[in-house]
Amino acid sequence: MKRLILASASPRRYELLSLTLLPFETYPSTLEEKMDLSLTPSRLVESLAEQKAADIFTQKPDCVVLGADTIVSYQNNRLGKPKDRIEAAEMLRMLSGQTHDVYTGVCLIDQTKKLIFSVKTSVTFYTLDENTIDWYLNTGEPFDKAGSYGIQGSGSLLVEKIDGDYFNVVGLPISKVVRSLKDFGFSFTESVTKTE
């Protein structure tokens, strides 16, 4: 079986891929990504995921490389990670009481094939007052997350409902990923050997 490489430094993606019990290694891409904002949100995250995967694949050509990228989209605004507290607060005010879309793009690549796809999940926030926004900013959680919140942490308290794959919002649509890995010779259902 080929080695599986996760081209990401995200602890959340690491945790989600670990759920499969497949062996893998992490080699985060340090490539400066090219963001083409003329693309649709789905195509944009697919492009960013492909750039990351291709970067690591040039260094590990004998492996299967998994790249991923996540953005939040609201009314034609693409929300990545905030630069600072002010920008994080602006994003949270923008999303307050509204429904936004979270897109994660995935690229799997090896020597024979490349598979690229994206998944969309819609997330609705409760209306957030300034005290709630300040409280959440003070947790420190928003600053390394697209859209300035983490649904798997304290940010869960901001969310009224979701429509779609929860884990896609966390950063990796893991069920679709593991099924896609079958085309590359991996089977998560064979990753645990029964012992009598």
Side-chain angles (χ1 to χ4, degrees), residues 6-14 16 28-56 66-109 114-128 132-133 136-137 139-174 176-177:
L6 175 63
S8 174
S10 165
R12 294 162 294 280
R13 291 191 182 112
Y14 180 91
L16 289 174
S29 172
T30 56
L31 183 75
E32 186 171 340
E33 300 159 0
K34 297 175 183 172
M35 291 191 65
D36 182 352
L37 297 179
S38 70
L39 297 174
T40 63
S42 58
R43 279 295 303 127
L44 177 59
V45 288
E46 288 171 4
S47 170
L48 295 171
E50 183 179 11
Q51 290 176 50
K52 292 176 181 179
D55 175 44
I56 298 304
L66 166 61
D69 199 89
T70 302
I71 62 166
V72 170
S73 179
Y74 174 66
Q75 292 187 347
N76 294 321
N77 294 294
R78 281 74 182 278
L79 309 179
K81 297 174 184 177
K83 294 192 290 285
D84 52 31
R85 186 183 177 97
I86 292 171
E87 188 173 54
E90 288 173 352
M91 288 186 191
L92 292 170
R93 290 187 195 105
M94 182 186 301
L95 301 178
S96 172
Q98 305 297 324
T99 299
H100 60 273
D101 295 321
V102 180
Y103 294 84
T104 296
V106 174
C107 177
L108 287 162
I109 185 171
K114 179 162 52 175
L115 175 64
I116 303 171
F117 63 86
S118 57
V119 174
K120 179 182 90 166
T121 303
S122 296
V123 180
T124 302
F125 270 18
Y126 284 102
T127 299
L128 310 178
T132 301
I133 290 172
Y136 187 53
L137 293 171
T139 67
E141 192 175 272
F143 302 110
D144 68 338
K145 297 176 179 66
S148 300
Y149 76 97
I151 197 170
Q152 74 281 4
S154 298
S156 60
L157 305 182
L158 314 179
V159 175
E160 181 178 2
K161 63 182 179 178
I162 73 166
D163 180 12
D165 185 341
Y166 165 83
F167 295 105
N168 185 57
V169 184
V170 179
L172 195 66
I174 189 61
K176 185 164 184 178
V177 167

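In what follows, residues are counted from 1 in the order of the sequence shown.
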Considering only residues two or more places apart or on different chains, which pairs with a residue in residues 72-81 satisfy side-chain hydrogen bond (donor to acceptor under 3.5 Å, both in side chains)? Tyr74-Gln98

In Leu79, Val72, Ile86, the residue satisfying side-chain contact (heavy atoms from CB on, under 4.5 Å) with Met91 is Leu79

Atom pairs and distances, side-chain donor-acceptor, residues 150-166, under 3.5 Å, sequence neighbours left out:
from: Ser156; atom 1: OG; to: Gly153; atom 2: O; distance (Å): 2.8
from: Asp165; atom 1: OD1; to: Phe167; atom 2: N; distance (Å): 2.8
from: Asp165; atom 1: OD1; to: Asn168; atom 2: N; distance (Å): 3.3

Side chain to side chain contact (heavy atoms under 4.5 Å, CB included), that's the test. Do Leu44 and Ile71 meet it? Break it down for me. CA-CA 9 Å; Leu44 177 59; Ile71 62 166; 4.0 Å; yes

Which residue is it: Val169, Thr70, Asp144? I am looking for the one with a side-chain contact (heavy atoms from CB on, under 4.5 Å) to Arg12. Asp144

Listed partners of Tyr14 passing ring-ring contact (aromatic ring centres under 6.0 Å, His included), at least two apart: Phe24

ring-ring contact (aromatic ring centres under 6.0 Å, His included) partners for Tyr103, two or more places apart: none

Could you go through the side chain to side chain contact (heavy atoms under 4.5 Å, CB included) check for Ile116 and Val106 one step at a time? CA-CA 6 Å; Ile116 303 171; Val106 174; over 6 Å; no

Taking all heavy atoms of Tyr136 and all of Tyr149, pick out the closest pair and write down the distance. OH-CA, 3.2 Å

Results of salt bridge (charged side-chain N to carboxylate O under 4.0 Å, His left out) for Glu87 - residues two or more places apart only: Lys83

Flag side-chain contact, heavy atom, 4.5 Å: Leu48 against Met35: yes

Among residues two or more places apart or on two chains, list those pairs meeting salt bridge (Lys or Arg N to Asp or Glu O under 4.0 Å) that have a residue in residues 34-45. Arg43-Glu46

Of all residues at least two apart in sequence or in a different chain, which pass the side chain to side chain contact (heavy atoms under 4.5 Å, CB included) check with Ala89? Arg93, Ile133, Leu137

Glu33: salt bridge (charged side-chain N to carboxylate O under 4.0 Å, His left out) partners, not counting sequence neighbours: Lys52

Check side chain to side chain donor-acceptor pair (under 3.5 Å) between Thr139 and all other residues, then give those that pass, not counting sequence neighbours. none

Mind checking ring-ring contact (aromatic ring centres under 6.0 Å, His included) for Phe117 and listing every partner two or more places apart, or none if nothing turns up? none

Give the intermediate values and the outcome of side chain to side chain contact (heavy atoms under 4.5 Å, CB included) for residues Val123 and Thr99. CA-CA 5 Å; Val123 180; Thr99 299; over 6 Å; no

Leu92 and Ser148: which non-hydrogen atoms are nearest, and at how many Å? CD2-O, 3.6 Å

Ala49: what forms a side chain to side chain contact (heavy atoms under 4.5 Å, CB included) with it, not counting sequence neighbours? Cys107

As an exercise, state the distance from CG of Asp69 to CD of Gln51, rounded to the nearest 0.5 Å. 9.0 Å

Go through it in stages, so that I can follow the logic: the residues are Ser8 and Ser10, the test is side chain to side chain donor-acceptor pair (under 3.5 Å), and I'd like the CA-CA distance, side-chain angles, deciding distance and then a yes or no. CA-CA 5 Å; Ser8 174; Ser10 165; 4.5 Å; no

Partners meeting salt bridge (charged side-chain N to carboxylate O under 4.0 Å, His left out) with Glu141 (sequence neighbours left out): none

Report the C-alpha distance between Val45 and Thr104 in whole Å, list the side-chain angles of each, state the deciding distance to 0.1 Å, and finish with yes or no for side chain to side chain contact (heavy atoms under 4.5 Å, CB included). CA-CA 6 Å; Val45 288; Thr104 296; 6.0 Å; no

Here the pair of heavy atoms bringing Gly67 nearest to Ala7 is CA-CB, 4.4 Å

